[in-house]
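Single-structure report; data block below.
The analysis underlying the following values was restricted to heavy atoms, covering all of them including side chains, and did not include hydrogens, waters or symmetry mates. Quantities reported herein were computed from a predicted structural model and do not represent experimental measurements. Whatever order the structure lists them in is the order used to number ligands and atoms, beginning at 1.
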Amino acid sequence: MKKLFGNTLDELREITLGHGLPKFTAVQISDWLYKKNINSVEEMTNLSKKVRELLSAEFEIGVTKYSRVQVSNDGTKKYLFPAGQGKFIETAMIPDEDRNTVCVSSQVGCKMGCLFCMTGKQGFQGQLDAGEIVNQIRSIDEAGSISNIVYMGMGEPFDNLEQVLKSLEILTSEWGYAMSPRRITVSTVGIIPGMKTFLEKSDAHLAISLHTPFDDERKNLMPVEGAYPISEVIREVKSWDFGRQRRISFEYILFGGLNDTPAHVRELSRLLHGLKCRINLIRFHPVPGTPLISGTEERIAEFKDALNGEGILTTIRASRGLDIYAACGLLSTKELVGKESGQ
Ligand code: SF4
C-alpha cells in the first residue's frame, strides 16, 4: 500500500487529479494528515464515502507508532521507531525549562564513518523517506508540545537531501505543520552540494560539525574531509548572506588532549574570521573501539573562554540522556536489526 503521510501538497494534488477528484480535495487531505492527525482514511469525514473508498483501495495513512521508549534520569526520552525490513531508528526528545527539542534521524545508520560516533560504526542501512522523518515528530508522546527540531540524530541529512527537503516543506508550510523554520536546525558534516541546495531552498538554521580546524586531524576523525575539506565548506558559507534571522553554528566535540589546544583556538579564530556564528562545545562520550577520550571539565571551560576571548560566541552544550545512550554520537540500532517486532 502507498502512504499518504509524507506527501507534499503538490504531490497530494497529483494523486487527487490522477483520480479525477477536485483540486481542493488535496487541501482537505493535507489538513487531515498534518493538522488533525488522523490514523485512517475513514476518518476524513468531509470526503464522500465514495472518495474515501477510492483512496483506501490504494493508500494507507502511513504513520507508525514507536515500538519502545526509554526515559533518562534527566527527563530525556529515546524513542525507537521501526523503519521497515526489521530495521529501526532512534529519536531523542530533550525537555528543557521552556522547550521540548526533538532530535530526528534522517537515515538508518550512516555512511559517513565518523570515528567518534556509534551510528557511524553501525554503517549505512537505508534512507528514510519524508514521511518517516516527519513521523518521528508526529508520533511521539510530546507531539503537541514540540518547540524545536534538530536534524542531528542518526544519519547525514544532506546524504538524503530530497527527502529531508520534503520533510522541511511539510513541517514549515501553512498547509503542513506551519512551524517557523527558525525553530529547526539541520546539521551536516559539510557535504557542500547538498548544503548549497539546502541554503537556497530552506530557511532553517544550519549547523556544521567541525571538531577540528586542521585538515589532517579532521580527515582522521571524519573521512568526509577528504571529499569536502572544512576550509572549502567555510568558504562556501562565508559567501552566503545569512540575513539577521538565520543562524549558522558549528558543533565541536572536545576530545581530551587532541583538539583542545591553543593552536586549535588560533586556527579556529583564523578560519571563522568574518563569519557571524556560534560554536557549541560538546563533551565527548567514549564509544567502544575508538582511541578517543573525554576532556576534563576544566579544560572544556578553558577552551570555551579562549574562544570567547577571540570574539567567537561559544557555549558548552549540556549532555543529556547519557544513561539511556541518547546523547550526541551514541544513537545506534545495530544490535536491534531483526530482533524487535514492528510494533
Ligand atoms: S556523526 Fe553524524 S555524520 Fe558522522 S557518522 Fe555519526 S551520524 Fe553519521
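Among protein heavy atoms, the minimum distance from atom 2 (Fe) of ligand 1 is reached at Gly155 O, 4.2 Å.
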Handout entry: Test log, rule side-chain hydrogen bond (donor to acceptor under 3.5 Å, both in side chains), inputs Asn280 and Thr315
Key = CA-CA 5 Å; Asn280 291 315; Thr315 51; 3.0 Å; yes
Exercise for the section: Decide side-chain hydrogen bond (donor to acceptor under 3.5 Å, both in side chains) for His264 and Thr261; before the verdict, give the C-alpha distance in whole Å, the side-chain angles of both, and the deciding distance to 0.1 Å. Expected result: CA-CA 5 Å; His264 288 87; Thr261 72; 2.6 Å; yes
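Atoms CG and OH, from Leu9 and Tyr34 in turn, are 9.0 Å apart once rounded to the nearest 0.5 Å.
The tally of protein N/O/S atoms under 2.8 Å from atom 4 (Fe) of ligand 1 stands at 1.
Ring centers of Phe81 and Phe88: at least 6.0 Å apart, outside the cut-off. Here Phe116 and Phe284 keep their ring centres 6.0 angstrom or further from each other.
When each of Thr185, Asn148, Ile149, Asp96 is checked for a side-chain contact (heavy atoms from CB on, under 4.5 Å) with Thr101, only Asn148 meets the rule.
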